[in-house]
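These notes concern the structure reproduced below.
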There are 4 protein chains.
Amino acid sequence: MSNAQNPARARRSESSRQAILTATRALISEVGYKTVSIEAIAARAGVGKQTIYRWWPSKGAVIFDSFLALSADVDGQGMALPDTGDIESDLKLVMRATVTEFADPDFERPIRALNTEIINDPDLATQFHEKLARPVDEAKKARLRSAQQAGQLATDADLDLVLEVLYAPLFQRWLHRSGPLTAEYADCLVDITLRAFGP
Amino acid sequence: MSNAQNPARARRSESSRQAILTATRALISEVGYKTVSIEAIAARAGVGKQTIYRWWPSKGAVIFDSFLALSADVDGQGMALPDTGDIESDLKLVMRATVTEFADPDFERPIRALNTEIINDPDLATQFHEKLARPVDEAKKARLRSAQQAGQLATDADLDLVLEVLYAPLFQRWLHRSGPLTAEYADCLVDITLRAFGP
Amino acid sequence: MSNAQNPARARRSESSRQAILTATRALISEVGYKTVSIEAIAARAGVGKQTIYRWWPSKGAVIFDSFLALSADVDGQGMALPDTGDIESDLKLVMRATVTEFADPDFERPIRALNTEIINDPDLATQFHEKLARPVDEAKKARLRSAQQAGQLATDADLDLVLEVLYAPLFQRWLHRSGPLTAEYADCLVDITLRAFGP
Amino acid sequence: MSNAQNPARARRSESSRQAILTATRALISEVGYKTVSIEAIAARAGVGKQTIYRWWPSKGAVIFDSFLALSADVDGQGMALPDTGDIESDLKLVMRATVTEFADPDFERPIRALNTEIINDPDLATQFHEKLARPVDEAKKARLRSAQQAGQLATDADLDLVLEVLYAPLFQRWLHRSGPLTAEYADCLVDITLRAFGP
DNA sequence: CAATAAACGAGACGGTACGTCACGTCTTACG
DNA sequence: CGTAAGACGTGACGTACCGTCTCGTTTATTG
């Protein structure tokens with residue numbers, strides 16, 4: 001944990017790292033993914049380009065890390081889903097929140113940028129799942145497991161599959177802008193999923 | 001339709017257009033989305049850069065059109081799905097074929113390139129749905145409608161939603177490389193969908 | 001002579017070429033050789049860097065051409081040396097003028113820059129002799145030949161050697177700052193040379 | 001001489017100093033002047049960059065010192081020229097040796113590097129004359145003085161000027177690659193000089 | 001059936017950003 | 001405290017493409 005144990009990395013400037021990640025997030029929000037350049041990030045962060053190239057292998061990795069840093073702040077706190085005992089209303093609450101989140105324009109550009117990188121870089125996709133998606137999915141699966149024990153969900157249901165059926169249609173609609181994202185749509189997906197995986 | 005009716009475009013060189021679209025597909029297959037440049041397309045097609053800029057508004061539009069041209073060949077023929085009378089086995093056949101298609105490495109790079117463009121360009125997304133996705137979806141919905149009439153599917157089922165539940169999980173897995181794409185998975189999605197939307 | 005005969009070069013922008021050479025001369029005078037960068041030249045000339053790299057192989061070549069362009073203006077006019085019939089006074093006049101020229105601070109930096117490039121680049125050295133030094137040397141040798149016919153110089157004197165004995169000491173003093181450059185020194189070199197190569 | 005007399009420098013690592021000067025000479029011989037970098041010298045010498053910056057004000061100073069260190073080895077021994085009593089044959093011997101030396105490719109790059117630095121840095125030029133050129137010139141002038149006493153050279157000849165007439169043409173030819181350096185040329189320069197400064 | 005005007009190939013142009021290299025300064029850990 | 005190591009902010013390097021802009025040269029009607 002101490003620097004003495006990891007001397008090779010002791011030299012890395014934490015303040016530069018933070019400045020880079022912050023500048024990256026700011027630029028993505030302001031100008032969108034395609035226009036963000038390493039030069040602009042370095043200039044905004046008050047940092048040499050080499051400092052970016054030294055520690056990140058690609059622009060995608062910087063963008064990814066800038067998200068990771070954000071979620072790391074949240075990570076510590078429990079991210080458990082609400083559990084009122086009624087899986088249907090709990091899921092609808094969560095799904096409606098997700099719909100709202102996707103509708104936020106400040107959310108739009110960064111997440112599209114992140115997806116653009118992930119789609120074209122298998123390594124980033126792996127990192128994405130391990131570091132960003134998994135913790136959230138585990139919280140969701142915990143709630144689903146509780147529903148199974150309550151007899152509201154088939155005990156043999158593959159919970160990963162349940163999450164896919166629940167979220168993938170929403171994600172696809174958002175990504176391809178192929179339909180409206182409404183509270184009704186969120187409810188509908190919950191209903192469908194519970195019918196499919198009900199006891 | 002005739003040149004006389006559209007004299008402004010009368011001079012456009014069809015051979016250059018074909019050469020550009022062919023070169024685009026070839027380059028995407030060879031070097032992937034990120035490395036494809038307008039200059040490379042022009043050079044490969046034996047065409048001046050200006051000829052590309054004259055007729056397409058963006059690189060994404062060229063990429064999109066290069067796909068459109070491919071599917072246009074197929075369009076004429078009916079793309080009706082098989083109809084043996086058994087919706088479950090018919091859908092499983094189709095879904096397994098889709099899984100196979102997604103697993104083809106030659107298919108990989110072009111479709112990721114196309115998705116990259118669509119994600120970041122609403123206009124292209126609209127075009128994508130109208131010209132590429134809709135015809136295919138209509139064929140699928142025709143088969144689902146036949147299943148409804150045969151009492152194998154709820155009569156009030158929203159067929160667009162059925163397609164989303166059926167395909168979105170598969171699409172998301174492929175796009176994010178978040179899980180294996182197998183025949184079992186295809187079957188499983190059909191089973192889930194039929195349970196959710198069964199009569 | 002017409003563009004039709006030399007179509008490959010017809011496209012080169014003469015205005016850009018002039019702007020680059022002018023900017024180069026200005027920058028060398030202002031900041032000295034070591035600080036001149038291609039980027040600065042391009043910026044000052046209002047030109048893309050590629051336009052420089054397209055037409056010149058090295059920074060040295062640009063610097064060299066910026067001098068060549070200057071002397072080209074002068075080239076047309078005859079550059080014959082004075083010929084009063086008295087080789088001694090004529091040479092002293094010319095040598096004193098050379099000493100004065102070398103003492104001009106505006107002359108200092110550009111010529112040192114030019115020499116720096118020539119020393120380290122054989123190609124440039126060749127170009128230097130063919131395009132810049134030779135015409136001047138020929139004019140000087142013409143005057144020396146006239147002196148030979150007048151019986152003021154040995155008829156078998158190697159005129160190239162005469163020029164070297166006359167000018168090389170001066171050049172070396174200036175280049176290495178190894179001694180004062182005065183009118184007396186100029187006169188002295190003429191005296192020595194005439195004694196060495198006299199009849 | 002002892003550390004006690006110069007305590008401020010007592011800590012300076014002599015082994016690092018030698019390693020730096022040796023590495024500098026090696027690099028100049030290998031890659032030429034333009035490509036030699038402080039970083040490369042430090043890496044080759046196994047030395048921190050700061051150690052170079054601490055003790056030398058510029059790259060030119062390092063290069064200069066790397067030559068100085070070489071000649072210092074030779075300095076101690078007398079560097080008197082041969083004196084057979086015949087100035088002509090003695091000078092021809094020395095000049096032919098100089099021509100041979102200049103023709104040595106191992107000699108080429110270092111001396112061009114040294115001259116490049118000297119041309120553009122008056123301080124280095126001064127150091128060059130005081131520490132490197134003067135001792136050699138004094139040895140040569142001693143031989144010339146002996147010739148004066150022997151009546152082979154004008155008693156009022158300015159010996160610095162004699163050296164310039166003798167060596168500057170050779171130096172200029174080499175520096176500008178403006179002509180062949182041959183034994184005949186060496187002899188010729190001696191003949192000219194003796195005619196110019198003969199009694 | 002020329003003339004003529006557009007689209008064409010070619011590629012130079014002013015730019016932006018790339019990823020690399022070296023600069024000279026600064027910080028850390030060691031001896 | 002001098003040192004080896006090397007990260008840092010800075011800035012130039014030379015390259016790749018961008019999108020615009022001429023250049024002649026097809027090419028395909030239209031007066």
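A, B, ... follow the sequence lines: proteins, then strands. Residue 1 opens every chain.
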Identify whether the distance between the nearest side-chain nitrogen and carboxylate oxygen of A:E117 and B:K34 falls below 4.0 Å. yes

Any ion pair linking D:E30 and D:R44 (charged N to carboxylate O, less than 4.0 Å)? yes

Is a donor-acceptor pair below 3.5 Å formed from side chain A:Q50 to base F:dC8, judging by atom type as modelled? no

Assess whether one donor atom and one acceptor atom, taken from the side chain of A:K49 and the base of F:dG11, lie less than 3.5 Å apart. no

DNA chain E: 5'-proximal contact among B:G46 and C:V47 (nearest heavy atom): B:G46

Examine [N]: is either OP1 or OP2 under 4.0 Å from a nitrogen or oxygen in the side chain of [X]? Give yes or no.
X: B:R54; N: E:dC8; answer: yes
X: B:S13; N: F:dT27; answer: no
X: B:S16; N: E:dG9; answer: yes
X: B:S37; N: F:dA16; answer: no
X: C:R11; N: F:dT22; answer: no

Taking the minimum atom-to-atom distance to the side chain of [X], which one of [options] wins?
X: A:W55; options: F:dA4, F:dA7, F:dG19; result: F:dA7
X: A:T51; options: E:dC23, F:dC8, F:dG14; result: F:dC8
X: B:Y53; options: E:dC18, F:dG19, E:dC8; result: F:dG19

Any pair with a residue in residues 46-61 of chain D that passes salt bridge (Lys or Arg N to Asp or Glu O under 4.0 Å), sequence neighbours left out, goes on the list, sorted by first then second residue, please. D:E39-D:K49

